[in-house]
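What follows is a short report on a single structure.
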Amino acid sequence: VQLQASGGGLVQAGGSARLSCAASGRTITFSRYSMAWFRQAPGLEREFVAAITVSSGREYYADSVKGRFIISRNYANKTMYLEMNGLKPEDTAKYYCAADSEGEYRLATMRRKYEYWGRGTLVTVSS
């Protein structure tokens with residue numbers, strides 16, 4: 001499975017941005033997957049942002065983004081989205097999408113549960 005993230009860029013504080021992550025390749029069992037967004041700011045560890053199960057659309061968010069970010073997926077297009085609202089300078093990071101092939105009934109927050117990763121897209125929030 002290959003993941004391609006897009007949609008990053010420069011945004012003013014308080015603004016919005018939308019990230020996309022398209023899955024391709026061997027996705028015959030895609031309904032059993034969960035997908036997630038992680039982010040990594042310079043000098044910091046990569047951290048969990050949000051996750052969603054592909055089949056049921058169940059969501060889970062990190063406390064730092066709850067109420068501001070919305071994760072969604074389009075099963076037919078095998079694409080996941082992250083709508084980011086009320087952006088803050090501390091949201092500045094490279095955002096990575098990831099896929100867990102055994103995630104049908106779980107929403108993992110640990111990086112090691114996700115075996116597929118995209119290259120990341122940079123989001124910069126100016127104050």
Side-chain angles (χ1 to χ4, degrees):
V1 174
Q2 292 81 46
L3 302 176
Q4 179 66 50
S6 61
L10 178 63
V11 185
Q12 285 192 329
S16 299
R18 191 189 198 208
L19 305 182
S20 300
C21 175
S24 61
R26 193 175 180 182
T27 56
I28 192 169
T29 58
F30 195 59
S31 62
R32 300 178 189 171
Y33 282 50
S34 64
M35 297 184 73
W37 290 99
F38 286 74
R39 66 186 181 185
Q40 187 168 17
L44 299 180
E45 293 285 321
R46 192 173 300 187
E47 64 175 4
F48 171 80
V49 175
I52 188 167
T53 55
V54 170
S55 58
S56 66
R58 189 163 57 94
E59 305 161 26
Y60 186 74
Y61 297 91
D63 288 342
S64 58
V65 305
K66 200 175 296 182
R68 298 189 298 124
F69 290 11
I70 300 171
I71 190 171
S72 62
R73 89 280 183 251
N74 183 318
Y75 179 76
N77 293 340
K78 294 184 173 56
T79 302
M80 174 180 64
Y81 305 96
L82 186 68
E83 183 179 339
M84 304 183 292
N85 303 303
L87 282 163
K88 306 174 183 179
E90 51 263 44
D91 294 318
T92 294
K94 196 162 191 179
Y95 283 72
Y96 297 87
C97 57
D100 173 5
S101 64
E102 298 180 3
E104 187 174 9
Y105 300 109
R106 72 182 181 196
L107 289 170
T109 61
M110 295 177 290
R111 288 156 40 187
R112 60 183 174 87
K113 294 293 187 181
Y114 293 88
E115 61 262 58
Y116 303 106
W117 290 84
R119 287 191 176 183
T121 183
L122 181 63
V123 176
T124 303
V125 184
S126 63
S127 57

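One is the number of the first residue; the rest follow in order along the sequence. All figures in this text were calculated on a predicted structure; none of them were measured in a lab.
In terms of the side chain to side chain donor-acceptor pair (under 3.5 Å) criterion, residue partners of E47 (sequence neighbours excluded) are, by chain and number, R39.
Summarising the local packing, CD of E102 is surrounded by 12 or fewer heavy atoms from other residues, nucleotides or ligands at distances under 6.0 Å. Taking a 6.0 Å sphere around OH of Y81, one finds it holds more than 12 heavy atoms contributed by other residues, nucleotides or ligands.
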**Prompt:** When you look at Y96 and C21, which way does the side chain to side chain contact (heavy atoms under 4.5 Å, CB included) test go after all the steps?
**Reply:** CA-CA 9 Å; Y96 297 87; C21 175; over 6 Å; no
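A distance of 10.0 Å separates CZ in F30 from OG in S24, rounded to the nearest 0.5 Å. Rounding to the nearest 0.5 Å gives a distance of 11.5 Å between CE of M35 and CG of L82. Rounding to the nearest 0.5 Å places OG of S101 at 11.0 Å from NZ of K113. The structure places CG of L122 at 9.5 Å from OH of Y95, a figure rounded to the nearest 0.5 Å.
By the rule that hydrophobic residues join a cluster once side-chain heavy atoms approach within less than 4.5 Å of another member, F48 and L19 end up as members of separate clusters. Note on Y60 and W37: separate hydrophobic clusters, where clusters join Ile, Leu, Val, Met, Phe, Trp and Tyr whose side-chain heavy atoms are under 4.5 Å apart, directly or indirectly.
No side-chain N or O of S72 forms a donor-acceptor pair with one of E83 less than 3.5 Å apart.
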Show me the donor-acceptor pairs, under 3.5 Å and distance only, between side chains in residues 1-14 and residues at least two apart or in other chains.
none

Residues 61-69 side chain polar contacts: donor-acceptor under 3.5 Å, at least two apart:
from: Y61; atom 1: OH; to: E59; atom 2: OE1; distance (Å): 2.6
from: Y61; atom 1: OH; to: I71; atom 2: N; distance (Å): 2.9
from: D63; atom 1: OD1; to: K66; atom 2: NZ; distance (Å): 3.1
from: R68; atom 1: NH1; to: G86; atom 2: O; distance (Å): 3.0
from: R68; atom 1: NH1; to: D91; atom 2: OD2; distance (Å): 2.7
from: R68; atom 1: NH2; to: S64; atom 2: O; distance (Å): 2.9
from: R68; atom 1: NH2; to: D91; atom 2: OD1; distance (Å): 3.0
from: R68; atom 1: NH2; to: D91; atom 2: OD2; distance (Å): 3.4

Show which side-chain atoms of residues 104-111 pair as donor or acceptor with protein atoms under 3.5 Å away, not counting sequence neighbours.
from: R106; atom 1: NE; to: D100; atom 2: OD2; distance (Å): 2.8
from: R106; atom 1: NH2; to: D100; atom 2: OD1; distance (Å): 3.1
from: R106; atom 1: NH2; to: D100; atom 2: OD2; distance (Å): 3.2
from: R111; atom 1: NH1; to: E45; atom 2: OE1; distance (Å): 3.4

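Nearest heavy-atom pair, S16 versus N85, reported as atom, atom and distance to 0.1 Å: OG-OD1, 2.9 Å. When all heavy atoms are compared, the tightest approach of Y114 to A51 is OH-CB, 3.7 Å. When all heavy atoms are compared, the tightest approach of R46 to F38 is CG-CB, 3.8 Å. Closest of all the heavy-atom pairs between R73 and S55 is NH2-O, 3.1 Å. When all heavy atoms of M80 and I52 are compared, the pair lying nearest together is SD-CG2, 4.2 Å.
Residue pairs meeting the side chain to side chain donor-acceptor pair (under 3.5 Å) criterion with at least one partner in residues 116-127, sequence neighbours excluded, do not occur; the list is empty. Here disulfide (SG to SG under 2.5 Å) pairs that include residues 43-84, with residues two or more places apart or in two chains, number zero.
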